[in-house]
Amino acid sequence: MGIIRSCFSFIAGTACGVYLAQNYQVPNIVKLADTALFMAKIVEEKYRKPKKRDDDDA
């Protein structure tokens, strides 16, 4: 009885997740995260401060 009680929420969550994935258009989280990181990289490169040149050698 203890193992059923401790695993009930995991089993219920898995069953609901499988049902939702099969019957609805659930977005791909990995693809969404990759797109967000790519856009953040573009914004960061666009607004980055220019590197200072060290002209002490001249």
**Request:** Give the minimum heavy-atom separation between Leu20 and Val26, together with the two atoms involved.
**Result:** O-CG2, 3.6 Å
**Request:** Can you measure from CZ (Arg48) to CD (Glu44) and round to the nearest 0.5 angstrom?
**Result:**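 Arg48 atom CZ to Glu44 atom CD measures 4.0 Å (nearest 0.5 Å).
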Sequence neighbours excluded and cut-off under 3.5 Å, please list the side-chain donor-acceptor pairs for residues 27-35, or say none.
from  : atom 1 : to    : atom 2 : distance (Å)
Asn28 : OD1    : Val30 : N      : 3.3
Thr35 : OG1    : Lys31 : O      : 2.9

**Request:** Hey, could you give me each pair passing side-chain hydrogen bond (donor to acceptor under 3.5 Å, both in side chains) that has a residue in residues 9-26? Not counting sequence neighbours.
**Result:** none
